[in-house]
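Taking it in order: structure first as structure tokens, then the write-up.
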2 protein chains.
Amino acid sequence: MLKITRKVEYALIALRHMQSKNVDELTSTKEIANQYGIPQQLLAKTLQQMARDRILEAVQGPAGGYRILAKLDRISLKDFFEKLEGPLGMMDCYFESDCIQISACNIRVPIQRINDNLRNMFTQMTLQEVTQ
Amino acid sequence: MLKITRKVEYALIALRHMQSKNVDELTSTKEIANQYGIPQQLLAKTLQQMARDRILEAVQGPAGGYRILAKLDRISLKDFFEKLEGPLGMMDCYFESDCIQISACNIRVPIQRINDNLRNMFTQMTLQEVTQ
DNA sequence: AATAAATACGACATATTTAATCGTATTTAA
DNA sequence: TTAAATACGATTAAATATGTCGTATTTATT
């Protein structure tokens, strides 16, 4: 429980790598995959998604690659995680209302308390803070 | 990511159920399983583990069952989660040192920052607070 | 003493989720 | 025209979580 996924891991590695370069400089998937021993195809998908989410900018063609597009100090860790993984909650019943046993359930409030604290925490941390 | 497991879910349900009773009163696995629609065998294992962890007290034989043994306001959510699920960290490299690419890894510090915040948060919440 | 109802627990099976790979298309600098 | 890069849906593989089975042990009740 509470494990970070590879997708998020690879995304953080890539961001941190790009942060060590000049802002306009491009980084290819291959470069990162080789340097950190990451499956290239999988990393590619992650970077593509980040480009769709306007965190990165993609440049196609040879000598292409990615560079950081967004202001990382404006993106909370919560938003970052949710962009990559979907809604951030410790239980689905936090979002869905079709739990079969919802009427009998006695821990909705407890779970909500934990969830709220968790979300608060990740809302207060920015990507910049974490990756700088 | 960040999903609570059934084990933890069932443990919370059981605790909350028992909290609504007199402190000495026993609750059987069957009673909880029936009332909340939980697989009895699986719940049984969870309760057995909680008994081993001295959170619950088990009484065997017919008319046996479990009652709350520990002071719930003395148990942090971190300890509770770790008793049930093992070390609480967003990445294993927080605990293990045999990561193959540890030398190339550039996100140990970032991950540690997230981890520390997470652990802090769960250290400050007590089981009592959550389930009361 | 026998029975029945409960906990104890290892081993196995199934389901779900995550991670990785494959194949193909598109873009564009050289 | 070619080669090197991104784009992305489909599939496979691996890992984890969830659930079940079988059997043993304990003990109140009869």
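In this text, all values refer to a predicted model and were calculated from it rather than measured experimentally. Below, chain A is the first sequence line, B the second, and so on; all start at residue 1.
- Looking only at side-chain heavy atoms (C-beta outward), B:Glu82 and B:Arg119 come within less than 4.5 Å of each other.
- Listed pair B:Tyr10 / D:dA17 fails the phosphate criterion, with no side-chain N or O lying under 4.0 Å from OP1 or OP2.
- In this structure, the nucleotide among D:dG19, D:dG9, D:dT6 sitting nearest to the side chain of A:Gln60 is D:dT6.
- With a 3.5 Å ceiling on both atom-pair distances, the Watson-Crick or G-U wobble partner of D:dA28 is C:dT3.
- Ranking D:dT6, C:dA11, D:dC21 by closeness to the B:Gln41 side chain, first place goes to D:dC21.
- The separation between A:Met50 atom CE and D:dC8 atom C1' is 16 Å, rounded to whole Å.
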Could you give me the CA-CA distance, side-chain angles and deciding distance for B:Glu31 and B:Lys21, then say whether salt bridge (charged side-chain N to carboxylate O under 4.0 Å, His left out) is met? CA-CA 13 Å; B:Glu31 175 182 328; B:Lys21 297 188 169 189; 2.8 Å; yes

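- Atom CG of B:Leu47 is separated from atom C1' of C:dC9 by 14 Å (rounded to the nearest Å).
- In this structure, B:Thr29 reaches the C:dT7 phosphate: one of its side-chain N or O atoms is under 4.0 Å from OP1 or OP2.
- Checking C:dG10, C:dT21, C:dT7 against every side-chain atom of A:Lys45, the shortest atom distance belongs to C:dT21.
- Straight-line distance from the CG atom of B:Leu42 to the P atom of D:dC21: 13 Å, rounded to whole Å.
- Taking for each of B:Tyr66 and A:Gly61 the nucleotide of DNA chain C with the nearest heavy atom, the 5'-most of the two is the partner of B:Tyr66.
- Each of D:dA5, D:dG19, C:dA4 was ranked by its minimum atom distance to the side chain of A:Lys30; first place goes to D:dA5.
- One atom, CD of B:Gln49, and another, P of C:dT7, lie 16 Å apart when rounded to the nearest Å.
- Under a 3.5 Å cut-off, the side chain of B:Arg67 and the backbone N or O of B:Thr27 do not form any donor-acceptor pair.
- With no hydrogens or angles considered, a side-chain donor-acceptor pair links B:Gln19 and B:Thr131 at under 3.5 Å.
- The nearest whole Å value for the distance from the CD1 atom in A:Ile38 to the P atom in C:dT21 is 12 Å.
- The nucleotide whose nearest atom lies closest to any side-chain atom of A:Pro39 is, among C:dT21, D:dT18, C:dA8, C:dT21.
- Residue A:Leu43 contributes atom CG, which lies 12 Å from atom P of D:dA7 at whole-angstrom precision.
- One finds no side-chain N or O of A:Arg52 lying less than 4.0 angstrom from the OP1 or OP2 phosphate oxygen of D:dA7.
- If you take CD of B:Gln48 and P of D:dT26, they are 14 Å apart, rounded to a whole angstrom.
- Nearest nucleotide to the side chain of B:Pro62, out of D:dT6, D:dG19, D:dA28: D:dA28.
- One atom, CD of B:Gln40, and another, P of C:dA8, lie 13 Å apart when rounded to the nearest Å.
- Using a 3.5 Å distance cut-off with no hydrogens or angles, the side chains of B:Lys7 and B:Gln49 do pair a donor with an acceptor.
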